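Just below is one structure, and these are the notes that go with it.
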Amino acid sequence: MSKKLIFILSTEEVNTQRAKLLTAGAKTEQFLKNPIMLFMHDDFKIIGRWENLRVDSGNLVADAVFDLEDDFAKEIAGKVERGFIKAASVSARPLKWHFEGEGSDEICVFSEWELREASVVSIPSNRGALVKLVDADGVEIKLGEGIKLSDAFPLPLKPKKSMDLKIIAKELNLSDTATEAEILVAIQVSKQAAADFALMQQQQIDRRKADALKLADVAVADGRLKAELKDKYLKLADADFDLFKDTIDGLPKPVSLTDTLRTHQQNAQAPKGRETWLFSDWQEKDGEGLYQMSKNNFENYSKLFKEEHGHEPSKDIA
């Protein structure tokens, strides 16, 4: 063949069967697995295949590739190339549809349909293409004058209600006489409550993260937590904040050399066996030792004095 032959397979025009196929609703997955070209929808007259199936200007179009090794196909190809045959037609299985009024007539609009095969035909029923409608078993659905479309397609595929309204109302704590509108309002309220709760949970998580970071930073600053361990402790906070807080609070502060020397000095200055003496014991048993304590270990002296008298001693006494 000397030129590419392009056919319009389907348009959105209303055909003589008072049906319209929406191009956007075409399901072509199965067709593309075996894109055979028939003549006049005859299963025994395979004359080629279709290639480059596509949408062009709102129409479903494809390139015709004829089987030139077949005498009949070659004959049809010649008639097409010489301009004696120009029309194509699809075989479509309706999936979803609705009815519309156009003038004084009613038309059936197929919003979803399965493309089963496409044929070269001699006489189309709409100006762009003819449509052969078939049911799930491939049996042709006959439409024409005197046949009501609503009889041929009695159930425009409406979504089924999965639950009885009374059951839904009960789940929403509504009266079993609640209307569909009341149920929808209750559902929206429930959705909003769920969204608010999720937001509250996220805000709580964010606050916990901020609190954990602050506690960890303080622990690093005062030397209770090594900086390189900070991220591990924060992971613990994500898993169990209370355990993290208890762990951080329980970390001991590092002891300075000064504090260590002071403790040793205090222990050295306290005679053995007198660790439990009260202020009155010192006054009664070792007044000189009490005096030396006020001079050399005023902190311990002040502690005993306060336990005895309920207030701090004057530093002038030292």
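Worth saying up front: this structure is predicted, and the values here are computed from it rather than measured. Both backbone and side-chain heavy atoms feed into the values below; hydrogens, waters and symmetry mates do not.
For His309 and Phe279, the distance between ring centers is under 6.0 angstrom. For Trp50 and Phe7, the ring centers are positioned less than 6.0 Å apart.
Counting only heavy atoms from C-beta outward, the side chains of Arg54 and Ile6 approach each other to under 4.5 Å. Side-chain atoms of Leu115 and Lys27, non-hydrogen and from C-beta on, never get closer than 4.5 Å to each other. In this structure, the side chains of Ile107 and Phe99 stay at 4.5 Å or more apart for every pair of heavy atoms. You'll find the side chain of Val120 reaches within 4.5 Å of the side chain of Val80, heavy atoms only. The side-chain heavy atoms of Leu304 and Leu278, taken from C-beta on, include no pair separated by under 4.5 Å. Side-chain contact between Asn300 and Met293: present, with at least one pair of heavy atoms (C-beta onward) separated by less than 4.5 Å. With contacts defined as side-chain heavy-atom distances shorter than 4.5 Å, the pair Lys45/Phe72 qualifies. Within the 4.5 Å cutoff, no side-chain heavy atoms of Met37 are placed close to those of Asp67.
Judged as a side-chain hydrogen bond (donor to acceptor under 3.5 Å, both in side chains), not a single pair has a partner in residues 30-39 (not counting sequence neighbours). Annotation: side-chain hydrogen bond (donor to acceptor under 3.5 Å, both in side chains) contacts involving residues 226-239, sequence neighbours excluded, comprise Lys209-Asp238, Asp217-Lys230.
With hydrogens and angles disregarded, a donor-acceptor distance shorter than 3.5 Å links the side chain of Ser294 to the backbone of Tyr291. A donor-acceptor pair under 3.5 Å is formed between the side chain of Thr11 and the backbone N or O of Glu13. Not a single donor-acceptor pair under 3.5 Å links the side chain of Asp56 to the backbone N or O of Asn59.
The CG atom of Leu229 lies 9.5 Å from the CG atom of Leu251; values are rounded to the nearest 0.5 Å. How far CD1 of Ile47 is from CZ of Phe39: 7.0 Å, rounded to the nearest 0.5 Å. Going from atom CD1 of Ile248 over to atom NZ of Lys214 covers 14.0 Å, rounded to the nearest 0.5 Å. From Lys306, atom NZ reaches atom OH of Tyr301 across 14.5 Å, with rounding to the nearest 0.5 Å. Rounded to the nearest 0.5 Å, atoms CG (Asp63) and CG (Asn52) are 4.5 Å apart. Once rounded to the nearest 0.5 Å, the distance linking CD of Gln204 with CG of Asp211 reads 10.5 Å.
The nearest pair of heavy atoms linking Phe110 to Ala19 is CE1-CB, 3.6 Å. Residues Leu172 and Ala186 share a closest heavy-atom pair of CD1-CB, 3.9 Å. In terms of heavy-atom proximity, Thr23 sits nearest to Gly58 at OG1-O, 2.7 Å. Of all non-hydrogen atoms in Ser10 and Leu21, the two that sit nearest each other are OG-CD1, 3.9 Å. The nearest pair of heavy atoms linking Ala237 to Ala212 is CB-CB, 3.6 Å. Heavy atoms only, all atoms of each residue included: Thr177 and Glu182 are closest at O-OE1, 4.5 Å.
Residues passing the side chain to side chain contact (heavy atoms under 4.5 Å, CB included) test with Val218 are Asp222, Arg224, sequence neighbours excluded. Residues passing the side chain to side chain contact (heavy atoms under 4.5 Å, CB included) test with Lys79, sequence neighbours excluded: Glu75, Arg82, Phe84, Ile85. Applying the side chain to side chain contact (heavy atoms under 4.5 Å, CB included) test to Lys245 and every residue at least two apart in sequence or in another chain returns Leu215, Phe241, Asp249.
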Show, in sequence, the C-alpha distance, side-chain angles and deciding distance for Glu51 and Arg49, and conclude whether the salt bridge (charged side-chain N to carboxylate O under 4.0 Å, His left out) test is met. CA-CA 7 Å; Glu51 292 185 350; Arg49 68 175 182 271; 2.9 Å; yes
I would like to know whether Leu9 and Leu53 meet side chain to side chain contact (heavy atoms under 4.5 Å, CB included); could you show each step before the answer? CA-CA 9 Å; Leu9 303 185; Leu53 183 69; 3.7 Å; yes
Begin from the C-alpha positions of Leu243 and Leu236 and carry the test side chain to side chain contact (heavy atoms under 4.5 Å, CB included) through to its verdict. CA-CA 8 Å; Leu243 178 58; Leu236 173 61; 3.9 Å; yes
Would you check, one step at a time, whether the test side chain to side chain contact (heavy atoms under 4.5 Å, CB included) holds for Leu290 with Gln283? CA-CA 7 Å; Leu290 182 62; Gln283 282 183 316; 3.5 Å; yes
Would Ile8 and Leu60 satisfy side chain to side chain contact (heavy atoms under 4.5 Å, CB included), going step by step from the backbone distance to the final call? CA-CA 6 Å; Ile8 297 175; Leu60 193 64; over 6 Å; no
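Counted within 6.0 Å of CG on Asp71, heavy atoms from surrounding residues, nucleotides or ligands total 12 or fewer; the atom is thus considered open.
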Tabulate below the donor-acceptor pairs under 3.5 Å that side-chain atoms of residues 188-201 make, not counting sequence neighbours, or state none.
from	atom 1	to	atom 2	distance (Å)
Gln192	NE2	Asp196	OD1	2.9

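Follow the hydrophobic side-chain contacts under 4.5 Å out from Ile168 and you reach Leu174 in the same cluster.
Taking a cutoff of 4.0 Å between a charged side-chain nitrogen and a carboxylate oxygen, Arg274 and Asp286 qualify as a salt bridge. Using a cut-off of 4.0 Å between Lys/Arg side-chain N and Asp/Glu carboxylate O, Arg116 and Glu114 are scored as not salt-bridged. Between Glu12 and Lys20 no salt bridge is recorded (no basic side-chain N to carboxylate O distance below 4.0 Å).
A side-chain donor from one of Ser119 and His41 sits under 3.5 Å from a side-chain acceptor of the other.
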